[in-house]
Amino acid sequence: QVQLVESGGGLVQAGGSLRLSCEASGLTISLYTMGWFRQAPGKEREFVVAIRRSTETTYYADSVKGRFTISRDNAKNTVYLQMNNLKPEDTAIYSCASRASVMAITTATGYSSWGQGTQVTVSS
């Protein structure tokens, strides 16, 4: 059974940083494309960042480029999301997800396993 468990969320002031973790069990993350998505209250879920399997190519939403960094530690089977210079508009529940396909990486469709999410709140 695949499980993705996020941690590291919290309350931070604008300009601050957080590092989210997504620990996987039941799958080997190096064999999957891993993504982070977020959903703010009253808004649709949106793509944040992904790291492609095999090539390790990374994809970022324009809104987080230069501020967020995705990485993975295959030995720990964990994916990380380093978030710097956080803004109030980054406030959302952040979820990690995995997919076997390398197509349409920035769309939620096709990600087969999802974590429960972790809340990130950025105060102004």
Side-chain angles (χ1 to χ4, degrees):
Q1 181 182 358
V2 175
Q3 276 195 315
L4 301 175
V5 180
E6 301 95 336
S7 61
L11 173 64
V12 65
Q13 289 188 331
S17 299
L18 284 173
R19 188 177 81 155
L20 306 184
S21 299
C22 172
E23 185 173 0
S25 59
L27 64 80
T28 301
I29 64 167
S30 61
L31 301 179
Y32 288 81
T33 292
M34 303 297 295
W36 286 94
F37 290 77
R38 66 186 181 187
Q39 187 166 20
K43 295 187 176 181
E44 292 187 355
R45 181 169 54 192
E46 65 172 351
F47 169 78
V48 178
V49 61
I51 182 166
R52 187 187 185 277
R53 65 175 175 84
S54 300
T55 66
E56 301 296 291
T57 303
T58 54
Y59 304 81
Y60 292 90
D62 288 343
S63 59
V64 306
K65 279 181 182 176
R67 301 189 297 123
F68 290 13
T69 303
I70 188 172
S71 63
R72 54 170 140 201
D73 184 333
N74 292 332
K76 295 182 178 179
N77 218 31
T78 299
V79 180
Y80 301 100
L81 178 61
Q82 177 67 43
M83 306 186 296
N84 298 327
N85 190 22
L86 282 160
K87 304 176 181 180
E89 51 264 43
D90 294 319
T91 294
I93 295 174
Y94 285 71
S95 300
C96 69
S98 66
R99 66 185 294 152
S101 169
V102 298
M103 303 296 291
I105 287 174
T106 62
T107 60
T109 303
Y111 283 86
S112 55
S113 297
W114 291 81
Q116 83 288 350
T118 185
Q119 176 71 48
V120 171
T121 303
V122 185
S123 63
S124 57

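In this chain, numbering begins with 1 at the start of the sequence shown.
- Here the side chains of Leu11 and Gln119 are not in contact, with every heavy-atom distance at 4.5 Å or above.
- For the pair Arg99 and Tyr111, the distance from NZ or CZ to the six-membered ring centre is under 6.0 Å and the angle to the ring normal is within 45 degrees.
- Between Val79 and Cys96 the shortest side-chain heavy-atom distance does not fall below 4.5 Å.
- Residues Leu86 and Phe68 meet the side-chain proximity criterion, which asks for heavy atoms closer than 4.5 Å.
- Checked for salt-bridge contact, Asp62 and Lys65 meet the test: a charged N lies under 4.0 Å from a carboxylate O.
- Under the 4.5 Å side-chain heavy-atom criterion for Ile, Leu, Val, Met, Phe, Trp and Tyr, Met34 and Leu18 are members of the same hydrophobic cluster.
- Under a hydrophobic clustering in which Ile, Leu, Val, Met, Phe, Trp and Tyr are joined whenever their side-chain heavy atoms come within less than 4.5 Å, directly or via other members, Leu20 and Trp114 fall into different clusters.
- The two atoms that bring Arg72 and Tyr32 nearest to each other are NH1-O, 2.9 Å, heavy atoms only.
- Put simply, CG on Asn77 and OG1 on Thr28 are 5.5 Å apart, with the number rounded to the nearest 0.5 Å.
- Phe47 and Ile70 fall into different hydrophobic clusters, where Ile, Leu, Val, Met, Phe, Trp and Tyr residues are linked whenever their side-chain heavy atoms come under 4.5 Å apart, directly or through other members.
- If you check the side chains of Arg38 and Tyr94, you find a donor sitting under 3.5 Å from an acceptor.
- Between Met83 and Trp36 the shortest side-chain heavy-atom distance does not fall below 4.5 Å.
- Residue Leu4 comes nearest to Ala24 through the heavy atom pair CD2-CB, 3.5 Å, listed as atom of the first residue, atom of the second, then distance.
- Counting only heavy atoms from C-beta outward, the side chains of Leu27 and Ser98 approach each other to under 4.5 Å.
- When side chains are defined from C-beta on, Thr69 does not count as touching Tyr80, because their heavy atoms never get closer than 4.5 Å.
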